[in-house]
Amino acid sequence: MSASYLVAFDADDTLWPNQPHFDRVETRLFEIMAHCGDVAYISTHLNAVQRRNMQLFGYGAKSFMLSMIETAIQLTNGAVTGHDIQQILDMGKDLLRFPIEPLPGVVEVLTELRRRGHRLLLLTKGDLFDQESKIARSGLGELFDHVEVVSEKDEATYRRLLTRYNATVEEFVMIGNSLKSDILPVARLGFQAVHVPYHTNWIFEHVDPALLEGIAFEQVEDIRAVLELVR
């Protein structure tokens, strides 16, 4: 890769940790609801509720909090206590305000890419208020030329944004940790994508390995390796 680029970065679990906070809250929910069944049972029920609710609530902490409350109501046949609901609400609020600490190498990479004259785009999906708050808490916002918060990262969304920014195949690259949201839609459109795996992924971001067959994209284990690709 060479020349001047529009370099797009995913946010959660690419620029800063996010999923570990949700994992900890989910573990706490399992403890609160332990009298209703084992972890596998509660997890399966929670995932089913989340899958339905994403169509209405989208992604993020608020959607997750509502799904946890609904799960608690259903698992207890409506007998969940006000105390337990309050605990779930408090955990959800914590997900909306946890400190944001950039992952290793992130500030270095963003600063260097700007120095080289590339345009930087922060492209994330989820609740607008939640994502804007995380960007502000991260202190990274000023390093980006553009910020886009979208409800979904699919081919239609990327096609619309790529047209808006007049991005060409030779001048655009998407960088992120999610094969489903950051890599496959971009690669299928013929654009460049760089996968930076994170040690934990949300279950709804998992992809069937068969979908990766014939898909061209780069993968690096450390985000600092991006600097070798986008020169």
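Predicted, not measured: the structure shown is a model, and the values here were computed from it. Just the heavy atoms: all of them, side chains too, but no hydrogens, waters or symmetry mates, feed the values below.
Looking at residues two or more places apart in sequence or on another chain, you find no side-chain hydrogen bond (donor to acceptor under 3.5 Å, both in side chains) involving R159. Residues passing the side-chain hydrogen bond (donor to acceptor under 3.5 Å, both in side chains) test with H83, sequence neighbours excluded: Q87. Here Y198 pairs with nothing under the side-chain hydrogen bond (donor to acceptor under 3.5 Å, both in side chains) rule; sequence neighbours left out. A search for salt bridge (Lys or Arg N to Asp or Glu O under 4.0 Å) contacts involving R160 returns nothing, not counting sequence neighbours. Residues satisfying the side-chain hydrogen bond (donor to acceptor under 3.5 Å, both in side chains) criterion with E108, sequence neighbours excluded, are absent altogether. Applying the salt bridge (Lys or Arg N to Asp or Glu O under 4.0 Å) test to D130 and every residue at least two apart in sequence or in another chain returns nothing. Listed by chain and number, the residues in a salt bridge (Lys or Arg N to Asp or Glu O under 4.0 Å) with E26 amount to none (sequence neighbours excluded).
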Please step through side chain to side chain donor-acceptor pair (under 3.5 Å) for the pair D23 and T200, ending with a clear verdict. CA-CA 9 Å; D23 290 343; T200 181; 3.1 Å; yes
How far apart are the C-alpha atoms of F22 and W202, what are their side-chain angles, what is the distance that settles it, and do they pass the side chain to side chain contact (heavy atoms under 4.5 Å, CB included) test? CA-CA 9 Å; F22 283 76; W202 189 33; over 6 Å; no
Could you walk me through whether V186 and V173 pass side chain to side chain contact (heavy atoms under 4.5 Å, CB included), step by step? CA-CA 9 Å; V186 174; V173 58; over 6 Å; no
Could you walk me through whether L110 and V106 pass the side chain to side chain contact (heavy atoms under 4.5 Å, CB included) check? CA-CA 6 Å; L110 297 178; V106 164; 3.9 Å; yes
Quick one, L184 with K180, criterion side chain to side chain contact (heavy atoms under 4.5 Å, CB included). Give me CA distance, side-chain angles, the key distance, then yes/no. CA-CA 6 Å; L184 287 179; K180 178 183 177 182; 5.5 Å; no
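For the pair K153 and P185, the minimum side-chain heavy-atom distance is 4.5 Å or more. Q50 has its side chain within reach of L46: a pair of non-hydrogen atoms, C-beta onward, lies under 4.5 Å apart. Proximity of Y41 to M33: side-chain heavy atoms (C-beta onward) are nowhere separated by under 4.5 Å. In this structure the side chain of I69 reaches within 4.5 angstrom of the side chain of L89, judged on heavy atoms. Residues P102 and L140 have side chains in contact (heavy-atom distance under 4.5 Å, counting atoms from C-beta outward). Between V220 and V194, the closest side-chain pair of non-hydrogen atoms falls below 4.5 Å. M91 has its side chain out of reach of M65: every pair of non-hydrogen atoms, C-beta onward, lies at least 4.5 Å apart. Using a 4.5 Å heavy-atom cutoff, the side chains of H195 and D182 are not in contact.
If you chain together hydrophobic residues whose side chains sit under 4.5 Å apart, L161 and V147 never meet in one group. Put simply, V80 and V25 are part of the same group of oily side chains (I, L, V, M, F, W, Y) that touch within less than 4.5 Å, one to the next. Under a hydrophobic clustering in which Ile, Leu, Val, Met, Phe, Trp and Tyr are joined whenever their side-chain heavy atoms come within less than 4.5 Å, directly or via other members, L123 and V7 fall into different clusters. L212 and F204 fall into different hydrophobic clusters, where Ile, Leu, Val, Met, Phe, Trp and Tyr side chains are chained together by heavy-atom contacts under 4.5 Å. Hydrophobic clustering keeps Y59 apart from L96 (ILVMFWY residues linked when any side-chain heavy atoms are closer than 4.5 Å, directly or through intermediates).
At least one donor-acceptor pair under 3.5 Å links the side chain of T76 to the backbone N or O of A72. In terms of modelled atom types and a separation under 3.5 Å, the side chain of R119 and the main chain of R114 share no donor-acceptor contact.
Note that CD of E155 and CG of L162 are 11.0 Å apart. Values are rounded to the nearest 0.5 Å. A distance of 10.0 Å separates CZ in F9 from CG in L143, rounded to the nearest 0.5 Å. Atom NE2 in H118 sits 8.5 Å away from atom CD in E112 (nearest 0.5 Å). I135 contributes atom CD1, which lies 9.0 Å from atom CG of L15 (distance to the nearest 0.5 angstrom). Of the inter-residue distances, the one linking L6 atom CG with L120 atom CG reads 8.5 Å to the nearest 0.5 angstrom. For the atom pair L189 CG and M174 CE, the distance stands at 12.5 Å (nearest 0.5 Å).
Counting only residues at least two apart or in different chains, salt bridge (Lys or Arg N to Asp or Glu O under 4.0 Å) contacts with residues 64-93 comprise R52-E70. Screening residues 131-144 for side-chain hydrogen bond (donor to acceptor under 3.5 Å, both in side chains), with sequence neighbours left out, gives D12-K134, N18-K134, T124-Q131, Q131-K134, S133-R137. Within the structure, salt bridge (Lys or Arg N to Asp or Glu O under 4.0 Å) pairs that include any residue of residues 35-50 do not occur (at least two apart or interchain).
Other members of the hydrophobic cluster containing F57, listed by chain and number, are L56, L66; membership follows side-chain contacts under 4.5 Å among ILVMFWY residues, whether direct or relayed. Connectivity analysis of hydrophobic side chains (ILVMFWY, heavy atoms under 4.5 Å, direct or indirect) links F129 to nothing; its cluster partners are none.
Taking every heavy atom of both residues into account, F144 and L121 meet most closely at CD2-C, 3.5 Å. Shown here for E205 and S181, the closest heavy-atom pair between the two residues is OE1-OG, 2.8 Å. Shortest non-hydrogen contact noted between T14 and L103 is O-CD1, 3.5 Å. Across I42 and G37, no two heavy atoms sit closer than the pair CD1-O, 3.4 Å. A pairwise comparison of heavy atoms in I215 and A187 identifies CG2-CB, 3.5 Å as the closest pair. Between I183 and G176, the shortest heavy-atom contact is CD1-O, 4.1 Å.
A salt bridge links D127 with K62: the distance from a Lys NZ or Arg NE/NH1/NH2 to an Asp or Glu carboxylate oxygen falls below 4.0 Å. Here K125 does not pair with D10 in a salt bridge; the nearest charged N to carboxylate O distance is not below 4.0 Å.
Side chain to side chain, Q74 and H45 meet the donor-acceptor criterion of an N or O pair below 3.5 Å. Inspection of the E171 and S4 side chains reveals no N or O donor paired with an N or O acceptor under 3.5 Å. Side-chain N/O atoms of N201 and S178 include no donor and acceptor closer than 3.5 Å.
In this structure, Y5 has its ring center at least 6.0 angstrom away from the ring center of F172.
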